[in-house]
Amino acid sequence: MDQDHAHMLLRQSWAKATVDKPNLARLFYGRLFAIAPETEALFANDLDAQGRKLVATLDYIIDSLDDPDALLSAAGELAIRHVSYNVSADQYALVGTALLDTLQDILGGEFDEETKSIWAQTYQGLADHMIETAY
């Protein structure tokens, strides 16, 4: 699959998933806390505000797909900040699972195997870079 097609799938699915951004954030954190209850302690602050940050970060990722240098630089900076929030390297996989599950919940049949695969590959690439940068 070519990169343009992959980016198109990411952008289209994200646009559909973010029709109700607060709901997306609530679903994501609900899923994350269900599969990894220990992560709830990392979010002692206002969860609504944290949800807005999550969506804004994902918006930036989608908007920056064609500028990988800027995207990787921002991801590395974010990863370094996450160390100070006591995020461990192994928690990146849990976040990835929660994200994919949330997109599946929102998009249903539109989150087909091809789209899910592209999201998984994109997330894993960013997570690997973030872990390498921060740890």
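Since we're looking at a predicted model, the values are computed, not measured.
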Carboxylate-amine/guanidinium contact Asp66 Arg11, below 4.0 Å: yes
His82 and Tyr85 aromatic ring geometry - parallel, tilted or perpendicular at 30°/60° bounds: perpendicular
Distance (rounded to the nearest 0.5 Å) between Asp90 CG and Tyr135 OH: 8.5 Å
Salt-bridge contact Arg26-Asp48 (side-chain N to carboxylate O under 4.0 Å): no
Separation between OG1 of Thr57 and CZ of Arg52, rounded to the nearest 0.5 Å: 13.0 Å
side-chain hydrogen bond (donor to acceptor under 3.5 Å, both in side chains) assessment of Ser117 paired with Gln121: CA-CA 6 Å; Ser117 176; Gln121 290 171 24; 3.0 Å; yes
Audit row: Asp67, Ser64, side-chain hydrogen bond (donor to acceptor under 3.5 Å, both in side chains) steps and yes/no: CA-CA 5 Å; Asp67 189 355; Ser64 300; over 6 Å; no
Donor-acceptor side-chain pairing of His5 and Glu114 below 3.5 angstrom: yes
Tyr92 and Gln124, any side-chain heavy atoms less than 4.5 Å apart: no
Minimum-distance pair of heavy atoms, taken over all atoms of Phe28 and Thr102: CA-OG1, 3.2 Å
Side chains of Phe111 and Asp105 in contact at under 4.5 Å (non-hydrogen atoms): no
Side chain proximity check, Leu103 to Ser13, heavy atoms < 4.5 angstrom: no
Heavy-atom side-chain proximity of Leu9 to Trp119 below 4.5 angstrom: no
Asp101 CG to Leu27 CG distance, which is reported to the nearest 0.5 Å: 11.0 Å
Beyond-backbone contact of Glu110 with Thr115, side-chain heavy atoms, under 4.5 angstrom: no
